[in-house]
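Inspection log for the structure reproduced underneath, given as structure tokens.
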Amino acid sequence: GEIIWRKNSAGLKVSSKQFELRNIDFKSNTNIELSFLTKLNSPYLDIESSWSIENITAIKRLVPENKMNPALYQWMQESIQSGRVTNGKARIIGSVENFPFSDRNGIFQINAQIKDLLLRYAMDWPETNIQDMHLTFDRNQIYSYKNNLLSNKLELSDASIEIKDIFNPKLQIQANSTAKLGALHNFMMASPIDTFFGKKLKNIKLVGVADYQFDIHLPLRSAQRKNYNFTTQIKPKNARLSVTWIAPAIENLNGIINISRNDASSEYLNAQFIGKPVLISLTKATEDREFMSSIISMEGVTSINAIERDFEYKFNDSLAGENIKYQLSLNIPRYDLPQPKPFFLNIKSDLKQAVINLPYPFSGEIKGIRQLDMNLLFPSEDSIHLDGQLYSDIRWDIYFKKNNDSWAFNRGTVFLGDGPIMPLDSRGLHIRGNTDWIQFDDWMKFTRVCSRPRETVSWALISTASA
């Protein structure tokens with residue numbers, strides 16, 4: 001291009017029209033006017049430029065490190081992986097000493113149409129393929145509101161991407177859309193949301209669609225990046241949720257689920273479970289339960305026939321009843337502790353509509369206030385620990401082990417009356433405690449029906465009282 005110098009009493013002015021620069025990665029066409037005026041303390045710029053970049057990683061070499069916020073410069077070096085700028089425009093007007101004109105005493109604006117940008121914006125979040133994006137750099141702000149993104153198979157359109165102040169850079173991403181729950185589940189498993197649930201989301205399968213929105217706040221200063229936060233809201237629409245270790249799925253799930261880095265809640269959440277409507281709530285654990293993070297509670301009504309049908313388990317007429325009310329609570333531990341407690345499931349029921357057809361002292365209709373309170377703990381991937389009580393004087397402590405793809409009884413104790421349940425040193429079922437009467441023949445028949453060939457039943461009756 002042509003460069004023109006003009007000098008007079010007011011100062012020196014250098015200008016160029018259609019000044020072209022190009023190399024293998026970069027191409028630009030620029031009109032520039034640079035004035036060194038005697039009445040000004042620094043040069044005055046007037047630049048208008050159009051440009052393109054075939055390999056966007058070249059920006060990492062072109063950006064002047066000493067002129068840029070160190071945190072933003074380092075983040076750009078780490079996050080930009082690949083892509084290209086097909087149409088870029090720049091406009092700069094103002095005194096060089098006031099650049100980038102945060103006080104609005106000049107113009108500094110860059111608009112760029114970016115294609116196929118691969119961005120690793122945060123260490124713990126899945127990298128994002130930005131298929132198409134209009135990006136604006138306006139004074140001390142960077143933002144995009146027109147874009148199409150693909151992150152771990154989750155498609156997003158017109159997300160809000162902002163750095164509101166390049167001198168204190170914090171990346172904020174906001175998006176809302178509708179997606180298949182399978183894609184949303186994959187995204188959550190590749191993000192810190194899975195860490196919130198102790199990397200257990202792999203045990204869940206989601207089917208259906210949901211409206212969702214999420215908000216990520218990420219400080220770009222290295223020392224502050226661990227202070228990121230996120231909020232996610234999911235609105236399932238007649239969705240299906242199944243868990244690997246529970247046979248029946250939760251069907252027709254509707255409502256609102258809210259998850260953040262340190263909290264979880266729900267609104268108007270309802271579904272069907274074991275063929276009946278249930279109400280579901282997701283809440284943060286109270287302060288007195290310091291080892292727990294959040295609790296998923298479910299209330300409903302069921303029958304023994306429905307339980308046998310959907311759990312594929314037969315009680316052999318030892319338990320019967322209709323319209324049995326129950327409360328089921330999934331207790332999610334705090335996985336940010338050095339030694340997290342096991343995830344566990346609590347089941348409560350008053351059993352008022354149940355009939356127990358077991359040998360004495362378990363037999364008969366449930367009368368009065370006699371509540372079932374039972375915990376299922378999952379200390380590892382291949383073990384289940386079951387403890388609980390029926391009435392105040394019948395308790396149990398039972399262990400199951402996983403063999404291949406099925407669960408098998410390992411050892412356990414049923415305790416009658418008061419006193420501690422002692423730890424076991426051998427496999428099999430141990431029945432211990434105090435009772436006023438017991439019919440051994442009935443119990444032996446029952447255990448032969450329920451036991452597998454190699455399982456044993458041990459009786460350690462501490463005392464009996466004859467009628």
Side-chain angles (χ1 to χ4, degrees), residues 1-77 79-80 83-115 117 130 132-147 161-169 220:
E2 184 181 40
I3 300 175
I4 300 172
W5 296 69
R6 290 190 180 93
K7 187 175 181 180
N8 55 31
S9 59
L12 173 67
K13 184 177 292 186
V14 181
S15 62
S16 177
K17 300 290 186 181
Q18 304 296 312
F19 183 75
E20 291 190 4
L21 287 173
R22 68 172 63 199
N23 62 20
I24 191 171
D25 296 318
F26 179 79
K27 182 171 63 175
S28 71
N29 188 296
T30 304
N31 295 331
I32 182 170
E33 187 173 277
L34 180 61
S35 300
F36 299 87
L37 303 179
T38 55
K39 65 179 180 179
L40 297 178
N41 295 326
S42 67
Y44 190 89
L45 274 175
D46 187 342
I47 297 175
E48 186 174 8
S49 177
S50 60
W51 44 277
S52 63
I53 301 176
E54 189 60 31
N55 182 0
I56 201 170
T57 59
I59 287 180
K60 296 194 282 189
R61 302 191 304 270
L62 296 172
V63 170
E65 182 176 2
N66 60 342
K67 297 292 185 182
M68 199 170 188
N69 178 277
L72 183 57
Y73 178 85
Q74 185 61 36
W75 178 77
M76 289 180 63
Q77 300 298 312
S79 63
I80 297 175
R84 53 198 173 94
V85 179
T86 58
N87 184 13
K89 295 185 181 299
R91 192 77 173 101
I92 303 173
I93 303 175
S95 179
V96 172
E97 67 179 353
N98 296 323
F99 184 84
F101 316 118
S102 304
D103 297 329
R104 300 190 176 277
N105 48 8
I107 295 174
F108 170 51
Q109 188 172 82
I110 296 175
N111 289 283
Q113 197 67 34
I114 301 174
K115 303 281 189 180
L117 173 63
I130 303 178
D132 186 43
M133 176 172 69
H134 183 85
L135 183 71
T136 297
F137 198 142
D138 190 356
R139 295 185 175 90
N140 62 329
Q141 300 180 64
I142 303 174
Y143 57 86
S144 173
Y145 306 128
K146 290 290 184 180
N147 45 67
I161 304 170
E162 295 180 313
I163 297 176
K164 293 185 177 181
D165 183 0
I166 62 173
F167 300 108
N168 184 23
L220 299 187

Donor-acceptor pair, Arg139 side chain versus Ile107 backbone, under 3.5 Å?
-> no
Euclidean distance, Ile163 CD1 relative to Leu72 CG, rounded to 0.5 Å = 5.0 Å
CD1 of Ile92 to CZ of Phe101: how many Å apart, nearest 0.5 Å?
-> 7.0 Å
Residue pair Glu33 / Lys13: nearest heavy atoms and the distance that separates them | CD-CD, 3.6 Å
Counting only heavy atoms not in Ile4, do more than 12 sit closer than 6.0 Å to its CD1 atom?
-> yes
State whether the number of non-hydrogen atoms from other residues, nucleotides or ligands found under 6.0 Å of Lys146 atom NZ is greater than 12.
-> no
Supply the atom-to-atom distance Tyr73 OH to Lys60 NZ, rounded to the nearest 0.5 angstrom.
-> 9.5 Å
Within the side chain of Asn69, is there an N or O that forms a donor-acceptor pair under 3.5 Å with the backbone of Phe167?
-> yes
Is any side-chain heavy atom of Tyr44 closer than 4.5 Å to a side-chain heavy atom of Ile93?
-> yes
Expected output: side-chain Ser42 to main-chain Glu97 donor-acceptor under 3.5 Å = yes
How about Ile80 and Ile56: do any of their side-chain heavy atoms sit closer than 4.5 Å?
-> yes
Heavy-atom distance under 4.5 Å between the side chains of Leu12 and Arg6, does that happen here?
-> no
Report the C-alpha distance between Thr57 and Gln77 in whole Å, list the side-chain angles of each, state the deciding distance to 0.1 Å, and finish with yes or no for side-chain contact (heavy atoms from CB on, under 4.5 Å).
-> CA-CA 8 Å; Thr57 59; Gln77 300 298 312; over 6 Å; no
Closest approach of Gln141 to Lys164 (non-hydrogen atoms, all atoms of both residues) | CG-O, 3.2 Å
So do Phe137 and Ile166 actually touch side chain to side chain, heavy atoms under 4.5 Å?
-> yes
Non-hydrogen side-chain atoms of Ile161 and Asn147 separated by less than 4.5 Å = yes
Check whether any side-chain heavy atom of Glu54 lies under 4.5 Å from a side-chain heavy atom of Ile24, and answer yes or no.
-> no
Would you call Leu34 and Leu45 a side-chain contact if the rule is heavy atoms closer than 4.5 Å?
-> yes
Considering all heavy atoms of both residues, which atom of Ile110 and which atom of Ala90 are nearest to each other, and what is their separation?
-> CG1-CB, 4.2 Å
Do you know the tightest heavy-atom contact between Ser28 and Trp51?
-> CB-CB, 3.7 Å
In sequence, state the C-alpha distance, the side-chain angles, and the governing distance for Leu135 and Leu117, and then conclude on side-chain contact (heavy atoms from CB on, under 4.5 Å).
-> CA-CA 12 Å; Leu135 183 71; Leu117 173 63; over 6 Å; no
Hey, could you give me the CG/CZ distance between Asn29 and Arg22, rounded to the nearest 0.5 Å?
-> 9.0 Å
Between atom CD of Gln18 and atom OG of Ser50, what is the distance when rounded to the nearest 0.5 Å?
-> 8.0 Å
Would you indicate whether the side-chain heavy atoms of Tyr145 and Glu162 approach each other to under 4.5 Å?
-> yes
Atom pair CG/OG of Asn31 and Ser15 - distance to nearest 0.5 Å | 9.5 Å
Please name the pair of heavy atoms, one in Thr86 and one in Ser52, separated by the smallest distance, quoted to 0.1 Å.
-> O-CB, 3.9 Å
Under the 3.5 angstrom rule, does the side chain of Thr38 hit a backbone N or O of Ala10 as a donor-acceptor pair?
-> yes
